[in-house]
Amino acid sequence: MKLYLVRHPQPDVEKGLCYGQTDVPLCKGWPVHAEKLKQHLDQRIQQDDATFFHSPLERAAKLGVFISQGQSQAKDALKELDFGCWENTLWQSIPRESIESWFEDILHATPYQGESLQALADRVWTWWLSVREGAAEHLILVTHAGVIKVLVSLLCQWSLAQAHRIDVGFMSVTELYIQDDYISLKRLGAGDWVV
């Protein structure tokens, strides 16, 4: 199986905003880049041998429906981390000591009173285990940076506490090849179609 992890398009929000599970609008012009992404995927997959899933948050759902020609299914497990009281707050406005306390135990701490990184990982991994066996030859997930970082870390057996070091741009594709217990990371955060 080939697994494609696609990050949503850039949202139209103030730079540095923590938006987590908040629904936010997309920047104008996103369909132009989405069409290029769709062409990129169409060269690699056949629609009849592909299964599409997306986060129900609008910024991922719109792209999922677009690139799958309406065949993508919404899954709550693919939502971004819930940042609780930090949602809709600029990162620079969050007290430094709160961010430092989070990083001291990034897996379990929730100074924002939301979902821990470990809880996100458990949610994503439980869903992954339920879907991987029956998946088509190509599995395309349209989701968020947090989900992509966590899933790549889990599949590649990397430290979950270091997942934040993975950088995936808007509308980028991360590609993994999976056969039984063998997993190979082919592309990480590629996005040649976004200018």
Side-chain angles (χ1 to χ4, degrees), residues 3-27 30 33-34 37 52-68 72-94 98-99 102-103 105-131 139-156 158 160-174 176 188-191 194:
L3 173 64
Y4 301 85
L5 306 174
V6 181
R7 188 177 179 198
H8 61 79
Q10 182 172 356
D12 188 9
V13 296
E14 187 175 353
K15 187 174 181 176
L17 185 72
C18 174
Y19 46 88
Q21 289 192 4
T22 303
D23 259 329
V24 291
L26 294 174
C27 287
W30 73 268
H33 299 301
L37 168 60
F52 292 82
F53 294 104
H54 64 265
S55 159
L57 298 177
E58 187 176 345
R59 59 190 183 271
K62 284 185 173 182
L63 181 61
V65 170
F66 183 90
I67 64 173
S68 70
S72 188
Q73 303 168 53
K75 295 295 173 185
D76 282 342
L78 298 178
K79 284 183 178 179
E80 182 59 284
L81 182 76
D82 177 1
F83 279 102
C85 63
W86 288 1
E87 300 258 342
N88 288 314
T89 303
L90 292 174
W91 284 101
Q92 66 188 23
S93 299
I94 298 169
S98 294
I99 293 176
W102 180 38
F103 270 78
D105 183 11
I106 198 165
L107 287 181
H108 305 103
T110 58
Y112 42 85
Q113 302 166 0
E115 180 180 36
S116 71
L117 185 61
Q118 186 62 60
L120 170 64
D122 293 345
R123 163 168 54 94
V124 171
W125 192 248
T126 298
W127 178 80
W128 167 252
L129 293 177
S130 75
V131 74
L139 182 59
I140 301 92
L141 311 181
V142 182
T143 185
H144 309 271
V147 173
I148 294 169
K149 293 174 182 191
V150 161
L151 192 51
V152 167
S153 296
L154 292 170
L155 289 170
C156 294
W158 296 344
L160 194 56
Q162 299 301 317
H164 63 280
R165 297 182 187 277
I166 298 172
D167 185 16
V168 288
F170 296 113
M171 227 180 299
S172 65
V173 175
T174 295
L176 298 102
L188 179 61
V194 180

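One-based numbering along the sequence shown.
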In Å, rounded to the nearest 0.5 Å, how long is the span from [atom1] of [X] to [atom2] of [Y]?
X: Ile106; Y: Gln118; atom1: CD1; atom2: CD; value: 12.0 Å
X: Asp82; Y: Tyr112; atom1: CG; atom2: OH; value: 8.5 Å
X: Leu26; Y: Arg59; atom1: CG; atom2: CZ; value: 8.5 Å
X: Lys149; Y: Leu160; atom1: NZ; atom2: CG; value: 12.0 Å
X: Trp102; Y: Ile94; atom1: CH2; atom2: CD1; value: 8.5 Å
X: Leu151; Y: Trp125; atom1: CG; atom2: CH2; value: 7.0 Å

Is the closest side-chain heavy-atom distance between [X] and [Y] below 4.5 Å?
X: Trp127; Y: Val147; value: no
X: Leu176; Y: Cys156; value: yes
X: Trp30; Y: Cys27; value: no

What closest approach, in Å, do [X] and [Y] show between heavy atoms, and which atom pair accounts for it?
X: Phe83; Y: Gly20; answer: CD1-CA, 3.8 Å
X: Leu5; Y: Val152; answer: CD1-CG2, 3.7 Å
X: Leu90; Y: Lys15; answer: CD2-O, 3.6 Å
X: Ser55; Y: Leu78; answer: CB-O, 3.3 Å
X: Lys79; Y: Pro56; answer: CE-CG, 3.6 Å
X: Gly64; Y: Ser72; answer: O-CB, 3.5 Å

I'd like to check the salt bridge (Lys or Arg N to Asp or Glu O under 4.0 Å) partners of Glu58; sequence neighbours left out, ordered by chain and number. Lys62
Got a sec, which residues hit salt bridge (Lys or Arg N to Asp or Glu O under 4.0 Å) with Glu115, two or more places apart in sequence or on another chain?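 Counting only residues at least two positions away or on another chain, Glu115 forms a salt bridge (Lys or Arg N to Asp or Glu O under 4.0 Å) with Arg123.
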Using side chain to side chain contact (heavy atoms under 4.5 Å, CB included) as the criterion, point out the one residue from Leu120, Thr143, Asp122, Leu155 that pairs with Val150.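 Passing option: Leu120.
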Tell me which one of Ile67, Val142, Leu139 satisfies side chain to side chain contact (heavy atoms under 4.5 Å, CB included) with Phe52.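 Passing option: Ile67.
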Test log, rule side chain to side chain contact (heavy atoms under 4.5 Å, CB included), inputs Phe170 and His33: CA-CA 10 Å; Phe170 296 113; His33 299 301; over 6 Å; no
Working note: Leu63 + His54, criterion side chain to side chain contact (heavy atoms under 4.5 Å, CB included); need CA distance, chi angles, decisive distance, verdict. CA-CA 8 Å; Leu63 181 61; His54 64 265; over 6 Å; no
Donor-acceptor contact below 3.5 Å, side chain Glu80 vs main chain Gln21: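 No; judged by distance alone, with no hydrogens or angles, the pair does not exist.
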Looking at Trp158, is its backbone amide N or carbonyl O close enough to the side chain of Ser153 to form a donor-acceptor pair, meaning the two atoms are under 3.5 Å apart?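 No; zero donor-acceptor contacts below 3.5 Å.
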Show the numbers, then the answer: is there a side chain to side chain contact (heavy atoms under 4.5 Å, CB included) between Ile166 and Ile148? CA-CA 9 Å; Ile166 298 172; Ile148 294 169; 5.7 Å; no
What orientation do His8 and Tyr19 show, parallel under 30°, tilted 30 to 60°, or perpendicular over 60°? perpendicular
Mind checking whether Trp91 and Trp86 have parallel, tilted or perpendicular rings, split at 30° and 60°?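 Judged by the thresholds at 30° and 60°, the geometry between Trp91 and Trp86 is perpendicular.
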Going through the checks in order, is the side chain to side chain contact (heavy atoms under 4.5 Å, CB included) test met by Thr22 and Val13? CA-CA 11 Å; Thr22 303; Val13 296; over 6 Å; no
Considering residues at least two apart in sequence or located in another chain, which fulfil the side chain to side chain donor-acceptor pair (under 3.5 Å) criterion with Asp12?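 Partners of Asp12 by the side chain to side chain donor-acceptor pair (under 3.5 Å) criterion come out as none, since no residue qualifies.
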